[in-house]
Participant: 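First the structure, which I've put down as structure tokens, then a few questions once you've had a look.
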Amino acid sequence: MHNAFLGVKPAVIEWRQYDSEKHQWLEAPKEQLQSKTSQIAPYSPAFDDIYFNPQDGIAESTHVFLEGNDLKQRFSRIEQDSKHIDFNIFETGFGTGLNFLLTAQLWQQTVSKDSQAHLHYWSVEQFPINPNDLKQIYRVLGVESDVSQSVIRHYPDALPGVHKVQIGDNITLHLVFYALDKALKELALPDNFSFNAWFLDGFAPSKNPDMWVKGLLHFMALHSDRDTTLSTFTVAAALRKPLPHYGFEIQKRPGFGRKREMLTARFTDKELSTPKPTLASDYIKPRKHPTKVAIIGAGLSGCSLAHKLHQEGIEAHLFDSKGVCAGASNMPSLVALPVMSIDHNAYSQLTFHGFQHLKNYLSQYHELTYSELAHQLHNQKYSQHHLEQYQEVYSAQTWEQDEAWFQFESLTVGDTDITGLKVPALQVNGKAFCQQLVQELPKDQLHLNTEVESLDSLSDFDHVIIANGYQSAHFSVNTRSLPHTAPMRGQLTTLKNPIHHRTPINHDGHIAHYNNQLVIGATFETSDDDSIQRENSRHNIQKVNQRFGFEFTEKDIAAEHPGIRATSYDRFPFCGYFEQAGEQTLWLNYGFGARGLCFSILCADVIVSAMLNRPSPLPKTLLSRISPLRVA
């Protein structure tokens, strides 16, 4: 089977002990792993090298990377400055995370918690280490701390992309799971974005030449300024000789231990060609800073945007012709689950990113979440053979979870014994979810029962976001037509009868519980008629009766919930910049189809990051797939 995850796969770790007589790394006795010791080290058989110096890995990392970039002095200046400063570090090779832990520790010791400064640590890793191994490594090194626990607890699965891990109020870890050359092409960084320090810490060039590609130096020069520094343990000619050509003044310093020399450098200046523009370029272009933003549509997408903008201190006004969560978002049970595919294609990647952003948000509000897993059954779309393939490929990329994701489980639903694949999922009540998002929004910024038909009525807003789903087709803009979506009608049905099995089930429909009642559906039909249709409920009942042997009838119906989904031609949402109309910037955020809950938080983050000229949370390939300009 071809590699479905862009070369990203879990690292294989062995524990080795150095035999000074044989000059070899030999397998370490298991008993040595049970306590802190300086005699053993994690070893990569793939690269025939150890991850850190077993004699004093902490001292070596401190000497080469923290002292090599003068971080203590620079962090001290930041603390004294008392300004809002982002300090960005880029590392090639996260490995065990030791450099990050030491950097975060120094930051906490030097910069106060109430400082406006923020440490952003970016690290590329193609072969992430299992968190269980990380836990063992940190114990052996003696670096266990609140930060290391947070890394282990929130360490992302081995899936390609940019994974944001919030470590503290002013420390963010950005784990970039790609091969290095892929990472350099996929990171969506604004043209004027600079890193303050570079940690070049892949395995040695002779062991892993892919971590020292020429494109790295060009990327570094594009994203450095006159205060940017660099440090690395190697003085190999393959790196040392071309660095001056890319604007770095190099300096050799004493190395650590048996290594006689190491290399540091400071960026001066360099004229370089910029990457060829793509659809992703619109997400990283400088924009006028938003001061007053209008959001048209108060469903999942609009409420998520209002929440994110309000968090950033930006005045956000929410307009809706009805009310908060009055359309398709207003469902008793919404279930978000990522889409699996054998090749982990672009759509699957997007849904997994969306799911993770949603999960991060809901981790703050556990009372909103009714379930954190679902059971996927074989159906018309996915055969049992498909599910077995999904189980094989995804279980190999995910760490051990309490619920053992991507494992088959025997269930009894009604009187039917079935086998379901356990997948990560999040279930919420649509109304409660939206109301939580806008809870802190000032009341005078909620414009409900207000119809907005054109931009002319919003002339005092510098940014406008259209987020009203299928109704966007009725909106008038100045110069061009908005991307078209097809209205896809769906109706859920609530039954009075609960069943013993409580987690959501995905078959040729959905089964979930809410308020001790059963929610089933939903239908799919091309229509913009949002009236209740009893025939749809009869269809929902017929499907679950046939699949599970129930005997539900119309008498069991407690409520019916119609809604209209906006579906794009390729299933990808329209999320991003659309056009500039004079001083006003227009953005689109709709076309989520049946993935409204899954995409809502992610798309809000994407748009607000673009507005504020920040690195995008999505890679360039996926930004191009969701660009509203892809249909131009």
Side-chain angles (χ1 to χ4, degrees), residues 293-310 315-334 368 428-458 461 464-477 482 484-494 514 519 521-523 525-533 536 559-567 573-574 586-597 599-601 603-604:
V293 179
I295 304 164
I296 303 169
L300 290 166
S301 63
C303 289
S304 298
L305 281 161
H307 169 78
K308 183 65 176 176
L309 288 165
H310 183 69
E315 185 178 339
H317 290 251
L318 195 57
F319 295 82
D320 197 279
S321 60
K322 296 179 181 178
V324 172
C325 198
S329 303
N330 186 18
M331 294 293 169
S333 172
L334 295 173
L368 293 177
V428 303
N429 171 267
K431 191 79 170 181
F433 180 75
C434 289
Q435 287 175 338
Q436 180 64 54
L437 286 167
V438 299
Q439 186 177 33
E440 297 181 0
L441 201 69
K443 300 303 180 186
D444 61 352
Q445 292 171 215
L446 278 172
H447 307 273
L448 307 180
N449 302 308
T450 303
E451 189 78 44
V452 177
E453 297 182 352
S454 72
L455 292 177
D456 296 337
S457 61
L458 302 173
F461 293 90
V464 176
I465 310 170
I466 299 176
N468 57 345
Y470 78 99
Q471 294 177 333
S472 61
H474 308 299
F475 192 82
S476 171
V477 296
L482 297 179
H484 175 72
T485 59
M488 188 65 65
R489 186 184 188 282
Q491 183 169 303
L492 289 175
T493 306
T494 297
Y514 177 70
V519 182
T523 58
E525 54 186 323
T526 304
S527 172
D528 60 1
D529 182 357
D530 62 357
S531 62
I532 292 175
Q533 297 182 17
N536 281 181
E560 297 161 288
H561 318 275
I564 311 298
R565 317 171 187 91
T567 306
F574 295 115
L586 180 63
W587 305 79
L588 306 185
N589 194 38
Y590 60 82
F592 291 4
R595 304 287 168 186
L597 180 60
F599 289 153
S600 57
I601 299 295
C603 285

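Because only heavy atoms are used, hydrogens play no part in the values below, and waters and symmetry mates are left out as well, while side chains stay in. Along the sequence shown, the residues carry numbers beginning at 1.
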Participant: Measuring from atom CD1 of I532 to atom NE2 of H561, what distance do you get when rounded to the nearest 0.5 angstrom?
Facilitator: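 Rounded to the nearest 0.5 Å, the CD1-NE2 separation comes out at 8.5 Å.
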Participant: Taking side-chain hydrogen bond (donor to acceptor under 3.5 Å, both in side chains) as the definition, give me every residue that meets it alongside T526, ordered by chain and number, with sequence neighbours left out.
Facilitator: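 None.
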Participant: Sequence neighbours left out, cut at 3.5 Å: what donor-acceptor pairs do the side chains of residues 326-333 make with other protein atoms?
Facilitator:
unit_1: S329; atom_1: OG; unit_2: L300; atom_2: N; d: 3.0
unit_1: S333; atom_1: OG; unit_2: Q427; atom_2: NE2; d: 3.0

Participant: To the nearest 0.5 angstrom, please state how far the CZ atom of F599 sits from the OG atom of S304.
Facilitator: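 Going from the CZ atom of F599 to the OG atom of S304 covers 13.0 Å.
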Participant: Shortest non-hydrogen contact from A298 to G323?
Facilitator: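 Heavy-atom minimum between the residues: CB-O, 3.9 Å.
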Participant: Taking all atoms of both residues into account, what is the closest heavy-atom pair of F461 and A294, and its distance?
Facilitator: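 Taking F461 first and A294 second, the nearest heavy atoms are CD2-N, 3.5 Å.
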Participant: I'd like to check the salt bridge (Lys or Arg N to Asp or Glu O under 4.0 Å) partners of D528; sequence neighbours left out, ordered by chain and number.
Facilitator: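 By the salt bridge (Lys or Arg N to Asp or Glu O under 4.0 Å) rule, D528 matches no residue at all.
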Participant: Verify side-chain contact (heavy atoms from CB on, under 4.5 Å) between V464 and L455, making sure each step is shown before the conclusion.
Facilitator: CA-CA 8 Å; V464 176; L455 292 177; 3.8 Å; yes
Participant: Show your reasoning for whether side-chain contact (heavy atoms from CB on, under 4.5 Å) applies to L458 and V452.
Facilitator: CA-CA 8 Å; L458 302 173; V452 177; 3.7 Å; yes
Participant: Quick one: pull up CG in D320 and CG in L448 and give me the separation to the nearest 0.5 Å.
Facilitator: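 Atom-to-atom, D320:CG and L448:CG are 6.5 Å apart.
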Participant: R565: which residues meet the side-chain hydrogen bond (donor to acceptor under 3.5 Å, both in side chains) condition with it, sequence neighbours left out?
Facilitator: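 Result, side-chain hydrogen bond (donor to acceptor under 3.5 Å, both in side chains) vs R565: none returned.
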Participant: To the nearest 0.5 Å, how far apart are OH in Y590 and OG1 in T567?
Facilitator: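 Nearest 0.5 Å value for the OH-OG1 distance: 12.5 Å.
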Participant: Measure the spacing between CG of L318 and CG of L437 and express it to the nearest 0.5 Å.
Facilitator: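 That separation rounds to 10.0 Å.
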Participant: Give a yes or no answer on whether the side chain of T523 reaches the backbone of Q491 with a donor-acceptor pair at less than 3.5 Å.
Facilitator: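 The answer is yes, because a donor-acceptor pair under 3.5 Å joins these two groups.
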Participant: What's the separation between atom OG in S527 and atom CE in M488, rounded to the nearest 0.5 Å?
Facilitator: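 Separation between the atoms: 10.0 Å.
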Participant: Can you confirm whether L597 sits close enough to F433 that some side-chain heavy atom of one is under 4.5 Å from a side-chain heavy atom of the other?
Facilitator: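 L597 vs F433: side chains touch.
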Participant: Among pairs that include at least one residue of residues 443-452, which meet side-chain hydrogen bond (donor to acceptor under 3.5 Å, both in side chains), considering only residues two or more places apart or in two chains?
Facilitator: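 Matches after skipping sequence neighbours: H317-H447.
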Participant: Under the rule for side-chain hydrogen bond (donor to acceptor under 3.5 Å, both in side chains), what residues qualify as partners of Q439, not counting sequence neighbours?
Facilitator: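 If we apply the side-chain hydrogen bond (donor to acceptor under 3.5 Å, both in side chains) test to Q439, skipping adjacent residues, the hits are Q436.
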